[in-house]
Amino acid sequence: MARGLKKDLTSYGDPGFSLFLRRAFIKAMGFSDDALERPIVGITDTYSDYNPCHGNVPDLIEALKRGVLLAGALPMVFPTISIHESFAHPTSMFLRNLLAMETEEMIRAQPMDAVVLIGGCDKTLPAQIMAAASVDLPAILLPVGPMVTGHHRGEVLGACTDCRRLWGKHRAGQMDEAELEQVNARLVPSVGTCAVMGTASTMACLTEAMGLSLPLTAAVPATHAERRRLAEATGRRAAALAVAGGPRPSQILGPGALHNAAAVLHAIGGSTNGLIHLAAIAGRLGRPLDYQAFDDLGRRVPVLVNLKPSGQHYMQHFHDAGGVPRLLRELADLLVTDAPTVAGGTIADAIAAAEEVPGQDVIRPRASPISAEGALAVLRGNLAPLGAVIKQSAATARLMQHTGRAVVFEDVEDMGRRIDDPALDVGPDDVLVLRNTGPRGAPGMPEAGYLPIPRKLLQQGVKDMVRISDARMSGTAFGTIVLHVAPESAVGGPLALVRNGDPIRLDVPGRRIDLVVPEAELAARAAAAPARPPPLPARGYARLFQEHVTQADRGCDFDFLV
Ligand code: FES
């Protein structure tokens, strides 16, 4: 089999000429014949001025290249798109599949024997894992690492749970503009991904738990020297994968890896987005995610990681406490410990090397968890026939079984117009409903599921209400919030049938979400108002997205990529 520069030649009808031409061009970059004979490690460059979370990528690439060269292979850096949460319009989720497709195709198109994928900001790691799973070339992930924490008036801060909390304080009239501006400059004190257990941290932990990255790479802060050393080690390991021709993602991502990822998702108080991405990755592997098994696992796996939004601390503290390997040790009897990893051994090896940190309170022992059950609960009912999810670890205990009157918003714009209207008929026990925010409805399933508490209730001291939508929410957010209702309202899901004043019953222990309206009445409403998906865009990626995106329960991947 062809290796290195001889792989995947450009088609001119004459392979000898193709290689001759390729060598002629690459020599323009100053490469020697010796360098060009080596196995090649491709390295994705996801740096962008629009992506501050990836601000350390140039440093990581330098360290990665050093590692690859020290191990005798040739590093070749190539760009891919880079998606940042707050710079992607209409929402980063709309672009995840584009990054997955682009990464997959550029790995296929260019000669390389292994690839290092540098990701971090929410949608990047899942897109890269989806790509790696589809290409099945030896691959190793390198997360950029979390940002460090900031401080404000003696309080520790970090994006983005505190962004939401302090914005809420401002909306409630408890923080003036001057202090808000001060806080704005302190919430994101360095490059790196969000400091709490948001989607980026969740996916970095899942990546490590699946064995796709080296131990400790999920939590070492982005700015620390240790991360550069891990990058160098990743480069060395990638060179070994290139020489050996494996293990490949298909050898790493067996049922054990997905089980371990699911257990860790529960135990870290992980992001609801993690579940969508896990479903998309499972789809790429041809093994649709088993939601019942995921939920059953959540009854046995407690939340052990004491990080915001479920707990108190930040990612750098998780690292100081031993990071993912130490957590895996705590969960060992619930894991598939003989699952292989890109490091060359198994999860059991990572557990054996885990560090004990005396006195730490970030990774709790099983005997004193943050919550007895896992982070996420999968709900079903007449409002969500294909399922919905709630992050029970970041919800309010007294609302876990609750019946309230629906207050319905047609879409994000409607919500923006009316949520703070003093005339809005809403009380603290009502259930806020937002529809037309699913994968096709919005489109792209924005993180609008964290419906703000109406200002007049905020001013009365209301901190949480039951909220339901077919949208997503940031992993950094908190509240009694039901998300990912499937099928979405825009394709005829029952969320479209809810009317103001209808009783909605949430029963998290019973895993139910129901509209308490007679079935005959719902059938009459459905007949009177058939689904109205948004018009198809005339062209381009937006059209491809609308025509092929799957529902949340299938990970919102494109149907032709699964
Ligand atoms: Fe990039 Fe939060 S905005 S990880």
Side-chain angles (χ1 to χ4, degrees), residues 44-58 60 80-96 99 117-129 141-150 157-167 183-208 213 217-224 227 265 268-274 276-277 307-310 313-316 318-319 391 394 444-450 472-478:
T44 60
D45 182 356
T46 56
Y47 179 80
S48 157
D49 283 350
Y50 289 106
N51 194 341
C53 296
H54 289 204
N56 62 342
V57 165
L60 297 180
T80 68
I81 59 169
S82 179
I83 308 167
H84 185 271
E85 283 305 292
S86 61
F87 283 94
H89 174 82
T91 171
S92 62
M93 190 65 180
F94 180 67
L95 297 167
R96 184 202 63 183
L99 173 58
L117 302 126
I118 308 172
C121 195
D122 294 18
K123 306 304 175 289
T124 55
L125 283 173
Q128 291 169 328
I129 297 170
L141 278 290
L142 178 65
V144 296
M147 65 182 70
V148 295
T149 54
L157 291 184
C160 232
T161 304
D162 297 318
C163 311
R164 294 170 203 288
R165 181 175 59 81
L166 296 172
W167 180 250
V183 157
N184 188 261
R186 293 172 179 175
L187 280 163
V188 187
S190 78
V191 299
T193 48
C194 286
V196 298
M197 194 51 80
T199 305
S201 302
T202 297
M203 291 311 301
C205 292
L206 265 53
T207 303
E208 195 175 323
S213 57
T217 47
V220 174
T223 53
H224 284 198
R227 179 153 296 279
L265 179 53
I268 59 179
S271 163
T272 44
N273 285 314
I276 290 193
H277 299 318
L307 251 63
K308 291 187 176 184
S310 301
H313 299 292
Y314 296 83
M315 279 300 280
Q316 72 184 78
F318 182 42
H319 171 60
K391 187 170 185 173
M445 208 182 178
E447 289 188 340
Y450 182 70
R472 297 175 300 116
M473 81 171 180
S474 165
T476 64
F478 47 88

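Counting convention: from 1, in listed order, for ligands and their atoms alike. As the structure is a computational prediction, the values presented were derived from the model and not from experiment.
At a cut-off of 3.5 Å, with distance as the only test, a side-chain donor of Ser474 or Arg164 sits close to an acceptor on the other residue. Glu85 and Ser92 share a side-chain donor-acceptor pair at under 3.5 Å.
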What do the steps show when you test Thr202 against Ser271 for side-chain hydrogen bond (donor to acceptor under 3.5 Å, both in side chains), and what is the final call?
CA-CA 6 Å; Thr202 297; Ser271 163; 4.9 Å; no

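The single protein non-hydrogen atom nearest to atom 2 (Fe) of ligand 1 is Cys194 SG, 2.2 Å, given as residue, atom name and distance.
Within the 2.8 Å limit, Cys121 places at least one N, O or S atom next to atom 1 (Fe) of ligand 1. Among the backbone and side-chain atoms of Cys53, none of the N, O or S atoms lies under 2.8 Å from atom 2 (Fe) of ligand 1.
Proximity to Thr193 (heavy-atom distance under 4.0 Å) selects the following atoms of ligand 1: 4 (S). Counting atoms of ligand 1 from 1 in the listed order, those under 4.0 Å from a heavy atom of Ala200 are 4 (S). Counting atoms of ligand 1 from 1 in the listed order, those under 4.0 Å from a heavy atom of His84 are 1 (Fe), 3 (S). Below 4.0 Å from some heavy atom of Asp122 lie the following atoms of ligand 1, by number and element: 2 (Fe), 4 (S).
Between Glu447 and the options Asn273, Thr91, Thr476, a side chain to side chain donor-acceptor pair (under 3.5 Å) holds for only Asn273.
Of the charged side-chain nitrogens involved, at least one lies within less than 4.0 Å of a carboxylate oxygen, so that Lys308 and Asp162 count as a salt-bridged pair.
Atom OH of Tyr50 is surrounded by 12 or fewer heavy atoms from other residues, nucleotides or ligands within 6.0 Å.
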